[in-house]
Asker: 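Before anything else, here's the structure in question.
What you see below is based on every heavy atom in this structure, not just the backbone, and it leaves out hydrogens, waters and symmetry mates. All chains are named by letter (A, B, ...) in the order of the sequence lines, taking the proteins before the strands, and each is independently numbered beginning at 1.
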There are 2 protein chains.
Amino acid sequence: MDRTDISLIALRRILRATELYGKELATAAKLTAAQFRALQIVAETGRATPKDIASRMGVSQATITALVDKLVARRLVTRERSERDRRQTNVTVTPEGQATVDEAPDALQQRYVRKFEALEDWEQAQIIASLERVAAMLDADAIDASPVLTTGDIKSTDKRH
Amino acid sequence: MDRTDISLIALRRILRATELYGKELATAAKLTAAQFRALQIVAETGRATPKDIASRMGVSQATITALVDKLVARRLVTRERSERDRRQTNVTVTPEGQATVDEAPDALQQRYVRKFEALEDWEQAQIIASLERVAAMLDADAIDASPVLTTGDIKSTDKRH
DNA sequence: AGCGAATTATTTGTCTATCTAAGCATCATG
DNA sequence: CATGATGCTTAGATAGACAAATAATTCGCT
């Protein structure tokens, strides 16, 4: 088996682990994976418009409407018309919603974070270089990928507004 | 922003690119992503039982029944009772099904393969080491990750049977 | 040999996610 | 102010997923 295959297999393991993690996380939070992702996006900065959420998740706005409906019903977010532009809706995380995200189980990501931080400097640097290299090889271009898998203290690289 | 965050962002880009690739692939093949994945699994060794497919995809058998129904309707696979164990069903890829997999569009993976192979030896080695490192940090353990994103010439690391 | 338990697949019913198309309100601009 | 663009929602459709129930078969044990 050549190196290309080996790298694909490792990649595949990463994808699979992440997917399973998503389900695990969602199950523990009593939400579906999609709902949890949406909630995370909102919680990241405290609020977001459906449009933002849709583009971050790569789905249509209609999907977000339904998703937000469910989150509102669970009182994890609220929905209000924006003052600045009354076509827009602000989806705002509630304390409960924030708590749900914060109390997400100590699974994959935290495991990853802990292990990553335990690495030697040079090793961290190498991994970053490699991951960025792979990401560059994979994505055609300009994909929005701010850290949804937030570690809790990242501020979104604010984009227009 | 610290290194952990940077690495998470890169990881996120990889995940996203791969997800989008899945959709792209499926659209081109006129199948949904799930259907395509199932077909790939069957095509990998020519046949598979619903049980195998379910565990490889991480979903229930009931889901596979419905998925295989659709693939059968499109004549991409056939279904017959196994001789060895008549509780089992063999899902076998048809020439059309195989062709569908083989003719999957020249998108992400091939882009990746080409670029990866163009790298210097030391760079390939570094990427592999990093990816495996990350995979190990992410997956709890023993996750089946044989190359579904097959490059066309990988034989499954045969497992019991 | 025969009975009960386990395994494999399917059916049925329900829920969620997702899309497209269409609609409504609002903003921006000529 | 009329027109078109933008942001969101609604409506209707399809797909994926699960749990529970069912059926067919095989296995384990006495």
Side-chain angles (χ1 to χ4, degrees), chain A residues 19-20 22-42 47-74 76-92 159-161, chain B residues 19-20 22-27 29-42 47-74 76-92 160-161:
Chain A
E19 188 188 324
L20 293 180
K23 287 184 186 174
E24 191 184 324
L25 208 60
T27 307
K30 303 263 185 66
L31 290 169
T32 65
Q35 287 167 21
F36 192 79
R37 259 203 300 164
L39 180 58
Q40 268 184 319
I41 290 171
V42 176
R47 80 167 40 159
T49 65
K51 178 128 209 257
D52 287 343
I53 305 172
S55 81
R56 289 282 294 274
M57 289 180 61
V59 301
S60 73
Q61 283 188 123
T63 302
I64 301 304
T65 296
L67 236 37
V68 170
D69 282 348
K70 306 234 166 76
L71 294 177
V72 167
R74 306 276 238 87
L76 300 173
V77 301
T78 57
R79 202 175 353 206
E80 309 118 7
R81 223 86 221 158
S82 161
E83 286 305 318
R84 282 203 347 286
D85 182 339
R86 300 185 49 69
R87 287 170 304 185
Q88 293 190 125
T89 297
N90 280 326
V91 179
T92 310
K159 42 214 256 177
R160 121 205 91 113
H161 84 245
Chain B
E19 189 187 324
L20 293 180
K23 288 184 185 172
E24 193 183 321
L25 204 59
T27 307
K30 301 267 185 60
L31 290 169
T32 65
Q35 286 167 21
F36 191 79
R37 259 201 301 162
L39 180 58
Q40 268 185 318
I41 290 171
V42 176
R47 78 166 42 154
T49 65
K51 176 120 207 267
D52 287 343
I53 305 173
S55 78
R56 289 280 296 274
M57 289 180 61
V59 299
S60 73
Q61 284 182 44
T63 301
I64 301 304
T65 296
L67 233 40
V68 170
D69 281 349
K70 305 229 169 80
L71 294 178
V72 167
R74 306 275 240 89
L76 300 173
V77 302
T78 57
R79 197 164 16 193
E80 308 118 11
R81 218 83 217 171
S82 161
E83 286 306 317
R84 280 202 351 285
D85 182 340
R86 299 186 49 72
R87 288 170 305 184
Q88 296 190 125
T89 298
N90 280 324
V91 179
T92 310
R160 121 207 92 114
H161 86 246

Asker: Identify which nucleotide among D/dT9, C/dT10, C/dC19 has an atom closest to any side-chain atom of A/Val59, counting heavy atoms from C-beta outward.
Answerer: C/dC19
Asker: Looking at A/Arg87, is its backbone amide N or carbonyl O close enough to the side chain of A/Asp85 to form a donor-acceptor pair, meaning the two atoms are under 3.5 Å apart?
Answerer: yes
Asker: May I ask you to test the B/Val42-B/Thr92 pair for a side-chain heavy-atom distance under 4.5 Å?
Answerer: no
Asker: Ignoring backbone atoms, establish whether B/Gln61 has a side-chain N or O less than 4.0 Å from OP1 or OP2 of C/dA9.
Answerer: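 Yes, B/Gln61 has a side-chain N/O under 4.0 Å of OP1/OP2 on C/dA9.
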Asker: Using a cut-off of strictly less than 4.0 Å, decide whether B/Thr65 has a side-chain nitrogen or oxygen near OP1 or OP2 of C/dA9.
Answerer: no
Asker: Looking at side-chain heavy atoms only, is the closest gap between A/Val59 and A/Ile53 below 4.5 Å?
Answerer: no
Asker: May I ask you to say what A/Ser60 touches in the nucleic acid, namely base, sugar-phosphate or nothing, with a heavy-atom cut-off under 4.0 Å?
Answerer: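 Base, at least one base heavy atom under 4.0 Å.
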Asker: Please report the distance, rounded to the nearest Å, between CG in B/Asp69 and P in D/dT14.
Answerer: 16 Å
Asker: Whether A/Arg79 contacts D/dT9 is assessed here as follows: a side-chain N or O lying under 4.0 Å from the phosphate OP1 or OP2. Is that the case?
Answerer: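 Answer yes for this pair, as a side-chain N or O of A/Arg79 is under 4.0 Å from OP1 or OP2.
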Asker: Please report the distance, rounded to the nearest Å, between CZ in A/Arg74 and C1' in C/dT16.
Answerer: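 So the CZ-C1' distance, A/Arg74 to C/dT16, works out to 13 Å.
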Asker: State which of D/dG16, C/dT26, C/dT16 makes the closest approach to the side chain of A/Gln35.
Answerer: C/dT16
Asker: What does B/Ala62 touch in the nucleic acid at a heavy-atom separation under 4.0 angstrom: a base, only the sugar-phosphate, or nothing?
Answerer: base
Asker: Given atom CZ of A/Arg81 and atom P of D/dT6, what is their separation to the nearest angstrom?
Answerer: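 Checked: the CZ to P distance equals 17 Å.
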Asker: Classify the side chain of B/Arg87 and the base of C/dT7 as holding, or not holding, a donor-acceptor pair under 3.5 Å.
Answerer: yes
Asker: Taking CD1 from A/Ile53 and C1' from C/dT18, how many angstroms apart are they, rounded to a whole number?
Answerer: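 After rounding, the reported distance stands at 16 Å.
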Asker: Want to settle it: does B/Val68 or A/Asp85 sit nearer the 5' end of DNA chain C, counting the closest nucleotide to each?
Answerer: B/Val68
Asker: Could you state the interatomic distance from CD (B/Gln88) to CD (B/Glu80), rounded to the nearest 0.5 Å?
Answerer: 13.0 Å
Asker: Side-chain N or O of B/Thr32 versus OP1/OP2 of D/dA15: is the shortest distance under 4.0 Å?
Answerer: no
Asker: By the 4.0 Å heavy-atom rule, please label B/Gln88 as base, sugar-phosphate, or nothing.
Answerer: sugar-phosphate
Asker: Round to a whole Å and report the spacing from CG of B/Leu71 to C1' of D/dA15.
Answerer: 13 Å
Asker: Give one of base, sugar-phosphate or nothing for B/Ile64, where a contact means two heavy atoms less than 4.0 Å apart.
Answerer: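 Answer is nothing: B/Ile64 stays at 4.0 Å or more from every strand.
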Asker: In this structure, how many angstroms lie between the P atom of C/dA28 and the CZ atom of A/Arg84, rounded?
Answerer: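 Nearest whole value for this atom pair: 10 Å.
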Asker: For A/Arg79, enumerate each residue passing the salt bridge (charged side-chain N to carboxylate O under 4.0 Å, His left out) test, keeping only those at least two apart in sequence or located in another chain.
Answerer: A/Asp69
Asker: Taking only the side-chain nitrogens and oxygens of A/Lys70, find out if one of them lies under 4.0 Å from OP1 or OP2 of C/dC15.
Answerer: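 Checking A/Lys70 against C/dC15: no side-chain N or O falls below 4.0 Å of OP1 or OP2.
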Asker: Starting at atom CG of B/Leu39, determine the distance to atom P of D/dG16, rounded to an integer number of angstrom.
Answerer: 13 Å
Asker: Can you tell me how far the CG atom of B/Asn90 sits from the CG atom of B/Asp52, to the nearest 0.5 Å?
Answerer: 9.5 Å
Asker: Figure out the CG/P separation between A/Asp52 and D/dC8, and round it to whole Å.
Answerer: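 In whole Å, D/dC8 P lies 8 Å from A/Asp52 CG.
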